[in-house]
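Here the structure is laid out as structure tokens; the discussion comes afterwards.
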Amino acid sequence: MFPLGASWSTRQSRLPDIMYMEVRVMKRIAVKDALQATSPLAQAEVRGWVRTRRDAKGFSFIELNDGSCLKNLQVVVDHAIPGAEGLAGMTTGAALAVSGELVASPGKGQSYELKAAAVRLVGPADPETYPLQKKRHSDEFLRTIAHLRPRTNKFGAIFRIRSEAAFAVHNYFREHGFHLLHAPILTGSDCEGAGEMFRVTTLDPLKGPYPKEAQAEDFFGREAYLTVSGQLEAEIFAQSLGKVYTFGPTFRAENSNTPKHAAEFWMIEPEMAFADLTDNMALAEGLLKSCIRHLREHCAEDLELFAKWVDPTLAATLDNIEGEPFVRLPYAEAVDILKKAKREFEFPVGFGLDLQTEHERFLTEEHFRKPVIVYDYPKEIKAFYMRLNDDGKTVAAMDVLVPRVGEIIGGSQREERLDVLTRRIEEMHLSLDSYWWYLDLRRFGTAPHAGFGMGFERFLMLATGVANIRDVIPFPRTPKHLEF
RNA sequence: UCCCCGGUAGCUCAAUCGGCAGAGCGGGUGACUGUUAAUCACUAGGUUCGCGGUUCAAGUCCGUGCCGGGGAGCCA
């Protein structure tokens with residue numbers, strides 16, 4: 001039994017940190033482990049936050065959650081034990097430390113519970129002003145208290161899943177021989193061509209506007225931005241380490257206000273040398289399937305919450321992704337299908353026109369009812385770096401479309417031929433000079449290569465059924481939103 | 001950026017034709033109970049988003065601004 005005095009939890013202890021940690025860790029167990037107990041435990045210590053308290057005559061039930069898992073540990077507090085006099089302050093949201101005996105529960109609903117021998121209120125939460133109730137809150141309201149929302153069941157589950165999903169991504173690439181590349185966040189390339197960029201400067205913008213020459217005074221002596229993609233850097237490393245991937249934050253200054261866009265989001269961008277579009281599609285499909293499988297194996301309890309409360313079709317959706325081969329559909333055939341569809345579209349369909357959201361959703365949600373990889377798009381609607389096909393009209397691009405989320409992955413085989421790439425850059429009136437190092441890759445040992453980008457948050461939306469990107473990222477950055 | 005919808009108690013919402021601003025949950029107090037989003041009783045709680053206008057009278061109608069949500073575009 002640990003002493004419950006003032007020195008019990010304070011770090012003022014004279015023990016060196018390492019010893020301190022050992023002393024602490026030995027006695028303390030996670031709620032997750034307590035709930036998975038198969039036999040009683042004479043001494044257990046749990047720390048966490050009160051979800052709810054139910055009082056009975058002579059004792060109280062406290063539901064304690066420490067974030068280690070979805071479920072709470074039921075703590076039974078006899079009103080006679082040390083610390084029980086502080087029970088009035090142990091309200092929803094309060095931080096608590098409890099020690100006692102882990103015993104089989106005589107009640108229904110849980111197999112084990114903690115019979116407290118001592119309890120201590122670590123940090124109170126005034127019930128009059130604590131914003132979280134025991135009952136359900138709207139996602140919109142919880143976004144306004146992003147500092148407290150991970151304490152709810154739903155957001156706790158989301159962010160445990162997010163953590164595990166990141167691990168699943170690394171795991172997949174590691175198992176397939178990829179190396180992790182830390183691509184730069186700051187970039188001098190204003191021509192990555194993937195949307196509006198955030199300008200980075202140490203010049204005081206309030207004192208501007210500055211003349212063009214003032215760039216020399218700026219931190220980098222030239223224009224600087226936050227990255228919109230690590231692809232160009234990944235291509236460099238693919239041409240040296242063979243197979244690489246980046247996994248980091250990405251920034252788009254696009255003024256888009258939708259449930260699928262954020263100004264700061266995380267993107268996974270693999271790039272492989274000696275690979276073509278077919279290899280690329282296989283990699284993308286394998287990544288999605290593998291990550292879904294990993295989550296279902298390691299986050300079953302958290303996923304169950306979403307299947308029950310957020311999206312009743314989630315299990316079927318995940319079965320579908322895991323079990324069904326993805327459809328591979330040339331763009332031209334996609335256009336044919338859409339033209340023949342017995343259905344009115346708001347936007348026109350035709351070769352050379354980009355597929356609209358309504359078209360993509362029709363293909364993946366209604367026509368095929370499974371993930372669809374559309375490939376070989378007309379070169380006019382795609383980026384300059386995508387490899388020109390032999391027909392001279394299309395490029396080796398691909399988009400992976402999934403139900404409800406839409407485009408989750410976009411990628412291509414890259415143009416490895418110096419002459420063709422040079423011509424494409426000129427055709428699109430881009431500056432050859434600023435791509436000198438990118439073109440160099442095609443001068444020295446150029447090789448076919450391919451890669452794609454996957455929005456991590458969009459993947460999480462797919463995996464959980466959560467409909468708004470702001471609810472799968474800890475602190476969403478969208479136009480006019482930079483709180484927390 | 002464009003289109004649509006919304007903003008009322010801490011939260012989720014109601015308020016008929018323009019006529020005294022309400023409920024559930026949450027909070028407080030008490031009762032009861034190996035309880036399970038406990039239950040029962042009582043109770044407190046309001047700048048109806050801001051500004052301007054119409055009217056005897058505005059939560060309600062008009063104008064405008066701000067904020068939120070959804071759809072579209074852009075994209076991952």
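Convention: sequence-line order gives letters A, B, ...; per-chain numbering from 1.
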Of the listed nucleotides B:rU35, B:rG28, B:rC75, the one nearest the side chain of A:Asp354: B:rC75
Check: A:Gln133 side chain, B:rG27 base, donor-acceptor under 3.5 Å: no
Spacing of the P atoms in B:rU55 and B:rA72 (rounded, Å): 44 Å
Phosphate OP1/OP2 of B:rA38: any A:Lys134 side-chain N/O under 4.0 Å: yes
Side-chain donor/acceptor of A:Glu63 to base of B:rU35, under 3.5 Å: no
Plane angle bin for A:Phe61 and A:Phe59 - parallel if under 30°, tilted between 30 and 60°, otherwise perpendicular: perpendicular
Sugar-phosphate, base or nothing in reach of A:Pro127, heavy atoms under 4.0 Å: sugar-phosphate
Nearest-nucleotide 5' precedence on RNA chain B, A:Pro106 against A:Glu360: A:Pro106
Residue-phosphate contact under 4.0 Å: A:Arg53 side-chain N/O, B:rU35 OP1/OP2: no
Distance test, side-chain N/O of A:Arg136 to OP1/OP2 of B:rG24, below 4.0 Å: no
Phosphate OP1/OP2 of B:rG69 contacted by A:Arg470 side-chain N/O (<4.0 Å): yes
Interatomic distance, A:Asp126 CG vs B:rG26 P [rounded to whole Å]: 17 Å
Gap in Å between the two C1' atoms, one belonging to B:rG6 and one to B:rC20, rounded: 27 Å
Length of the NE2-P vector between A:His261 and B:rA72, whole Å: 10 Å
For B:rA41, the Watson-Crick or wobble partner whose two distances fall under 3.5 Å: B:rU29
Distance in angstrom units between A:Gln356 CD and B:rG73 C1', rounded: 8 Å
Integer angstrom distance from the C1' of B:rG19 to that of B:rU60: 11 Å
P-based separation of B:rG24 from B:rC17 [nearest Å]: 25 Å
Geometric class of the A:Tyr245/A:Phe173 ring pair [parallel <30°, tilted 30-60°, perpendicular >60°]: parallel
Sugar-phosphate, base or nothing in reach of A:Phe61, heavy atoms under 4.0 Å: base
Pairwise C1' distance, B:rC11 and B:rG27 [rounded to whole Å]: 11 Å
Opposite nucleotide pairing with B:rU16, Watson-Crick or G-U, both atom distances under 3.5 Å: none
P spacing across the pair B:rG59 / B:rG53, given as an integer number of angstrom: 15 Å
Salt bridge present between A:Glu365 and A:Arg404 (N-O < 4.0 angstrom): no
N/O (side chain, A:Thr52) to phosphate O (OP1/OP2, B:rA38) under 4.0 Å: yes
Sugar-phosphate, base or nothing in reach of A:Ile409, heavy atoms under 4.0 Å: sugar-phosphate
Sugar-phosphate only, base, or nothing, as touched by A:Ile408 at under 4.0 Å among non-hydrogen atoms: sugar-phosphate
Of the listed nucleotides B:rG34, B:rC75, B:rC74, the one nearest the side chain of A:Gln110: B:rG34
Minimum-distance nucleotide to A:Val76 side chain [options: B:rG27, B:rG71, B:rG34]: B:rG34
Aromatic ring pairing A:Phe362/A:His367, orientation class (parallel under 30°, perpendicular over 60°, tilted between): tilted
Closest to side chain of A:Thr258, choosing from B:rG34, B:rA76, B:rA72: B:rA72
Interatomic distance where CE belongs to A:Met197 and C1' belongs to B:rC75 [whole Å]: 14 Å
Which atom of A:Glu63 lies closest to which atom of A:Asn72, heavy atoms considered: OE1-CB, 3.1 Å
N/O (side chain, A:Thr357) to phosphate O (OP1/OP2, B:rG73) under 4.0 Å: yes
Any A:Arg54 side-chain nitrogen or oxygen under 4.0 Å from OP1 or OP2 of B:rA38: yes
Rounded distance (Å) that lies between atom C1' of B:rG71 and atom CG of A:Asn468: 13 Å
B:rU12 phosphate, OP1 or OP2, under 4.0 Å from A:Ser138 side-chain N/O: yes
A:Glu358 CD - B:rC3 P separation (whole Å): 19 Å
Whole-Å distance separating the NZ atom of A:Lys260 from the C1' atom of B:rG73: 12 Å
Residue A:Phe141, side-chain atoms from C-beta onward, closest of B:rC75, B:rC11, B:rA72: B:rC11
Pairwise C1' distance, B:rA58 and B:rA21 [rounded to whole Å]: 13 Å
Touch class at under 4.0 angstrom, heavy-atom based, for A:Phe347 against every strand present: sugar-phosphate
Touch class at under 4.0 angstrom, heavy-atom based, for A:Gly107 against every strand present: base
No-H, no-angle donor-acceptor pair, A:His137 side chain to B:rC11 base, under 3.5 Å: no
4.5 Å side-chain heavy-atom contact, A:Leu283 and A:Leu287: no
Rounded distance (Å) that lies between atom C1' of B:rU36 and atom CD of A:Glu113: 11 Å
Integer angstrom distance from the P of B:rG52 to that of B:rC13: 29 Å
Non-hydrogen side-chain atoms of A:Arg143 and A:Asn468 separated by less than 4.5 Å: yes
Geometric class of the A:Phe456/A:Phe247 ring pair [parallel <30°, tilted 30-60°, perpendicular >60°]: perpendicular
